[in-house]
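Okay, so here's the structure we're looking at.
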Amino acid sequence: MTHTPTPTPASARLGGLAEAADLGRTPVDVTAVLDHLAAEADTTAPTCIGFPGAVDLDHREVMARLGHRLWNNIGDPTDTTGTPHTRILEQAVITWLADTLHMPTHDRWGYVTTGGTEGNLSALHTAHRRLPTARIYYSTAAHYSIPKIVEMLGARGVLVDAGRDGEMDYDHLATQVHRHRRWPAIVVATAGTTMTEAVDDTTHIHTILDHHQVPGRHVHVDAALSGIPLALDGRLRLDDDSRIASITVSGHKFLGVPTPCGVVLIRNSLRRDSTQVTYTATLDSTVTGSRCGLAAALLWHAIATHGREGHRWRVSQARHLAAYTVDQLTTAGWPAWRHPHAFTVVLPTPPTAVRAKWLLATDTDVSHLICMPGITHGQIDAFVTDLTDATGPGAGHPHRLGPIPRPRSAPTGRGRQ
Ligand SMILES: *Cc1c(COP(=O)(O)O)cnc(C)c1O
């Protein structure tokens with residue numbers, strides 16, 4: 001029987017993907033679908049300035065050489081038995097990051113995760129196993145994964161206010177810790193909040209916990225966005241003095257890895273024993289069993305090809321562009337601001353016409369754009385021009401909108417109590 005291919009559905013050829021969703025139809029014009037996806041991504045990339053993925057690094061060498069095989073670093077990252085896959089590279093990434101953060105060499109453990117959320121889960125699970133009665137404190141500006149994880153662990157969360165700039169309100173933390181001082185405290189500090197890139201002060205957090213003499217603590221830093229930049233500055237350290245127990249960073253943000261991934265680091269002495277799994281011959285110490293070895297290779301490559309100095313340069317370029325953006329917007333009469341260390345520029349939400357073209361992140365009347373490495377002056381200039389064209393002198397002028405409100409509250413779950 002000869003098989004006569006039916007013509008490519010017009011909608012797939014012309015750009016619609018509706019037909020592609022129906023795999024019951026054969027044959028599917030696979031090439032047309034893939035071409036369409038790639039073309040669409042190419043079209044939106046220049047106006048996509050609201051999301052925190054760096055776009056300056058070239059990962060094609062790894063994708064070309066390794067991308068067609070399975071690399072599965074199943075089980076514990078320190079396991080040296082079994083198939084090697086990319087464990088060596090994963091270990092190198094863990095060591096590089098832990099060294100950059102000045103984590104003590106004798107007391108560190110970590111692995112390459114699927115992203116910031118898994119890192120937070122792994123760290124908070126570890127903390128909760130050791131301190132099962134602890135209250136988990138997190139601010140209203142914390143990432144939405146935190147209340148979800150608190151619920152998954154069956155733990156008790158305590159919500160703490162954040163200031164308008166996104167940083168934790170330490171007075172409110174003190175009030176909440178005082179109220180729950182009989183229980184151990186797990187505190188989630190954020191280094192780079194989603195909306196404003198605010199950084200919580202872990203020294204201040206420890207002072208509050210000391211003052212109330214909580215019976216046991218674990219301070220975790222969710223540094224998905226800003227962990228690597230702040231570590232390269234020396235502003236974020238996990239040395240003994242810091243008393244930080246664990247940290248999460250993301251791999252597809254500052255390092256722009258083309259698959260979601262991240263790294264979690266935990267002080268090894270705070271971990272409890274994991275179960276030995278007979279048939280994989282490894283320790284079950286990670287959240288997922290099978291783990292993406294390609295992500296480890298991509299992270300390793302991004303680090304190896306630039307080194308600390310190269311990445312420091314990327315950080316400073318991005319910050320310069322963010323400062324330039326604030327200047328340009330302010331000059332144009334649009335009152336933008338940023339934290340001094342941040343790539344994120346916060347601004348009153350532009351009119352719909354501007355947002356239809358430029359992909360910002362918007363939370364009611366506040367929006368942000370992020371000058372991640374790879375974003376250019378040309379993109380910023382074009383955005384500012386569109387904004388001035390759309391608003392004109394006096395039209396919808398943001399000064400009339402009043403003050404920039406505080407960041408959106410995270411879902412509360414079993415929050416305030
Ligand atoms: C991006 C981000 C996360 C979540 O990371 P995923 O990789 O999406 O799971 C968590 N916390 C913060 C502060 C983030 O910026």
Side-chain angles (χ1 to χ4, degrees), residues 48 50-55 93 97 110-125 127 136-152 157 160 162 165-168 186-202 205 219-231 236 244 246-265 286-288 291-292 294-296 298-299 302 318 322 338-339 341-346 359-361 363 368-373 407-411 413:
C48 190
F51 300 95
V55 287
V93 168
L97 189 61
Y111 72 96
V112 170
T113 63
T114 54
T117 301
E118 185 186 337
N120 286 335
L121 176 57
S122 172
L124 294 177
H125 179 234
I136 304 185
Y137 300 82
Y138 60 95
S139 92
T140 52
H143 188 258
Y144 62 82
S145 59
I146 304 297
K148 175 171 64 185
I149 291 164
V150 170
E151 200 205 345
M152 287 167 79
V160 177
D165 64 356
E167 189 170 345
M168 184 179 277
I186 297 170
V187 183
V188 179
T190 309
T193 60
T194 315
M195 213 50 207
T196 67
E197 210 176 320
V199 178
D200 295 333
D201 179 352
T202 53
I205 291 168
V219 173
H220 169 67
V221 181
D222 177 0
L225 177 58
S226 308
I228 298 175
L230 294 175
L236 182 58
I244 297 170
S246 55
I247 189 169
T248 297
V249 304
S250 194
H252 52 284
K253 292 180 180 173
F254 179 69
L255 294 176
V257 168
T259 187
C261 63
V263 176
V264 63
L265 294 171
T286 51
V287 173
T288 67
R291 300 189 302 105
C292 184
L294 185 62
L298 287 160
L299 286 166
R338 64 186 266 272
H339 288 287
H341 60 267
F343 303 157
T344 303
V345 174
V346 187
L359 305 177
L360 309 173
D363 181 3
H368 77 211
L369 61 87
I370 311 192
C371 296
M372 292 305 290
R408 173 188 41 201
S409 301

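Residues: numbered from 1 along the sequence shown. Just so you know, ligand 1 is whichever comes first in the structure, and atom 1 is the first atom listed for that ligand. Being a predicted model, the structure only gives us computed values, none of them experimental.
Listed here is the closest heavy atom pair of Ala295 and Val112: CB-CG1, 4.2 Å.
Between Asp222 and ligand 1, an N or O atom pair is found at a separation short of 3.5 Å. Note: no N/O pair closer than 3.5 Å links Ala224 and ligand 1 by distance alone. Of the N or O atoms in Lys253, one or more lie within a sub-3.5 Å distance of an N or O in ligand 1.
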Check the pair Glu197, Thr344 against side chain to side chain donor-acceptor pair (under 3.5 Å), reporting the backbone distance first and the verdict last.
-> CA-CA 6 Å; Glu197 210 176 320; Thr344 303; 2.4 Å; yes

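For atom 7 (O) of ligand 1, the closest non-hydrogen atom of the protein is Gly116 N, 2.9 Å. Taking atom 10 (C) of ligand 1 as the reference point, the nearest protein heavy-atom neighbour is His143 CG, 3.2 Å.
You'll find the side chain of Thr117 reaches within 4.5 Å of the side chain of His143, heavy atoms only. Two residues are said to be in side-chain contact when any heavy atoms from C-beta on lie closer than 4.5 Å; Val221 and Thr202 meet this criterion.
Set against the non-hydrogen atoms of Thr117, the atoms of ligand 1 under 4.0 Å away are 4 (C), 5 (O), 6 (P), 9 (O). Annotation for ligand 1: atoms under 4.0 Å from non-hydrogen atoms of Gly192 are 13 (C). Shown in contact with His252 at under 4.0 Å from a heavy atom are these atoms of ligand 1, numbered in order with element: 7 (O).
Here the side chain of Thr140 pairs a donor or acceptor atom with the backbone of Ala162 at under 3.5 angstrom.
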